[in-house]
Amino acid sequence: SIVPNEEKRFATGDEAYDFYCYYASKAGFSVRITKTRDSVLELSCKKQGKWEFYKPGQDRVREKMSMRCACKAFVKVKWNKKKDYWFFERIRMEHNHPLHPSPTQTQFMHAHKNKDPVMMEFVDQLYRANVNHNSTVNVLSEIHGGRQNLPFTEMDLKNRRAAAARAERENDIPKLLEFFKEMKAQNEYFYHEVQVDDKNVIKNVFWSHASQRAEYVDFGDVI
């Protein structure tokens with residue numbers, strides 16, 4: 001059974017957490033960790049606690065699945081030190097809000113976004129091969145048996161691609177300077193210069209191969 005009960009035994013707290021998250025994904029709610037200690041782990045419904053709108057006195061019109069509504073559903077996982085296993089010491093199953101067990105809903109819940117490292121590396125390879133976003137989604141949908149079964153949202157994919165592009169841009173200058181260093185080691189006549197502003201931010205970069213300098217001597221011009 002995937003339903004939590006006091007008879008369940010787990011080797012680690014992480015194993016108990018994964019079990020409860022799997023149950024929550026099937027039941028249709030997300031999970032937050034509300035307490036963690038060496039021997040105790042408390043897991044609550046994501047809607048636990050009271051949600052306050054950032055503009056007091058005004059009501060938010062749009063409903064959000066992440067909005068807190070003081071839901072009391074939770075489990076307390078405890079470590080039996082003598083017998084060395086984890087178990088559910090307390091369980092409260094009742095929710096005070098509708099549940100959303102459909103994969104099209106749970107894929108938006110943070111606790112259930114399954115970003116498998118192997119799958120994410122495959123996604124990165126598609127992006128490096130300049131496969132566009134729609135084609136990437138189509139490939140992943142084929143693998144998972146439909147878009148409704150994707151363990152993450154299309155926005156997650158767009159955010160990952162944007163993050164990779166930012167990281168690539170941030171790494172451009174170090175890679176260029178390393179290239180200059182390698183070229184200088186291969187040819188002592190290779191020349192480069194970097195101009196920075198008062199904040200040490202690179203403004204201009206110039207480089208010249210030995211052959212280019214020889215051509216300038218011959219033709220007396222610069223292109």
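Predicted, not measured: the structure shown is a model, and the values here were computed from it.
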Considering residues at least two apart in sequence or located in another chain, which fulfil the side-chain contact (heavy atoms from CB on, under 4.5 Å) criterion with Asn5?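 Residues passing side-chain contact (heavy atoms from CB on, under 4.5 Å) with Asn5: Glu7, Lys8.
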
Those residues that, when tested against Phe122, pass side-chain contact (heavy atoms from CB on, under 4.5 Å) (two or more places apart): Met119, Gln125, Leu126, Val139, Leu140, Ile143

Evaluate side chain to side chain contact (heavy atoms under 4.5 Å, CB included) for Phe180 paired with Phe190, printing each intermediate quantity in order. CA-CA 8 Å; Phe180 287 163; Phe190 176 83; 3.6 Å; yes

Side-chain donor or acceptor of Arg90 paired with backbone N/O of Lys76 under 3.5 Å: no

Is there side-chain contact between [X] and [Y], with at least one heavy-atom pair below 4.5 Å?
X      : Y      : result
Ile91  : Glu6   : yes
Ile33  : Leu43  : yes
His192 : Val205 : no
Phe19  : Glu15  : no
Lys72  : Cys45  : no

Using distance alone, with no hydrogens and no angle criterion, decide if Asp84 and Trp79 have a side-chain donor and acceptor under 3.5 Å apart.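 Note: Asp84 and Trp79 side chains meet the donor-acceptor criterion.
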
Regarding Asn138 and Ser135, is there a side-chain donor-to-acceptor distance under 3.5 Å anywhere? no

Aromatic centroids of His95 and Phe29 separated by under 6.0 Å: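 Yes; His95 has its ring centre under 6.0 Å from that of Phe29.
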
Count the heavy atoms of every other residue, nucleotide or ligand shown that sit under 6.0 Å from CG of Asp197, and state whether that count exceeds 12. yes

Between Glu121 and Arg128, does a salt bridge (Lys or Arg N to Asp or Glu O under 4.0 Å) hold up when you go through it step by step? CA-CA 10 Å; Glu121 176 58 27; Arg128 287 195 293 270; 2.9 Å; yes

Pairs in or reaching into residues 174-188: which pass side chain to side chain donor-acceptor pair (under 3.5 Å), with residues at least two apart or in two chains?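 Counting only pairs at least two positions apart or across chains, the side chain to side chain donor-acceptor pair (under 3.5 Å) contacts touching residues 174-188 are Glu168-Lys175.
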
Nearest heavy-atom pair of [X] and [Y]: which atoms, and what distance?
X      : Y      : result
Phe74  : Ser44  : CB-OG, 3.7 Å
Gly13  : Leu41  : O-CD2, 3.8 Å
Leu99  : Ala27  : CB-O, 3.4 Å
Thr136 : Tyr127 : OG1-CE2, 3.6 Å
Tyr17  : Val31  : CE1-CG1, 4.4 Å
Glu94  : Cys71  : O-SG, 4.3 Å

So Tyr85 and Phe10, side chain to side chain contact (heavy atoms under 4.5 Å, CB included) or not? Walk me through it. CA-CA 6 Å; Tyr85 63 77; Phe10 306 96; over 6 Å; no

Determine whether Lys78 and Phe87 satisfy the following criterion, side chain to side chain contact (heavy atoms under 4.5 Å, CB included), listing intermediate values before the conclusion. CA-CA 6 Å; Lys78 194 170 182 179; Phe87 67 101; 4.1 Å; yes

Should Asp124 and Arg161 be marked as a salt bridge (Lys or Arg N to Asp or Glu O under 4.0 Å) after you check the CA-CA gap, both sets of side-chain angles, and the distance that decides it? CA-CA 8 Å; Asp124 293 341; Arg161 185 167 197 166; over 6 Å; no

Would Phe179 end up clustered with Tyr191 when hydrophobic side chains under 4.5 Å apart are linked, directly or stepwise?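 No, it is not one cluster - the side chains of Phe179 and Tyr191 are not joined through contacts under 4.5 Å.
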
Is there a path from Leu176 to Phe206 through hydrophobic residues (I, L, V, M, F, W, Y) whose side chains come within less than 4.5 Å of each other? no

[atom1] of [X] to [atom2] of [Y]: how many Å apart, nearest 0.5 Å?
X      : Y      : atom1 : atom2 : value
Ser208 : Met183 : OG    : CE    : 10.5 Å
Leu157 : Arg160 : CG    : CZ    : 9.0 Å
Glu42  : Glu89  : CD    : CD    : 9.0 Å
Phe88  : Tyr20  : CZ    : OH    : 8.0 Å

Please assess Gln48 against Thr34 for the test side chain to side chain contact (heavy atoms under 4.5 Å, CB included), listing each intermediate value before the final yes or no. CA-CA 9 Å; Gln48 171 264 354; Thr34 49; 3.9 Å; yes

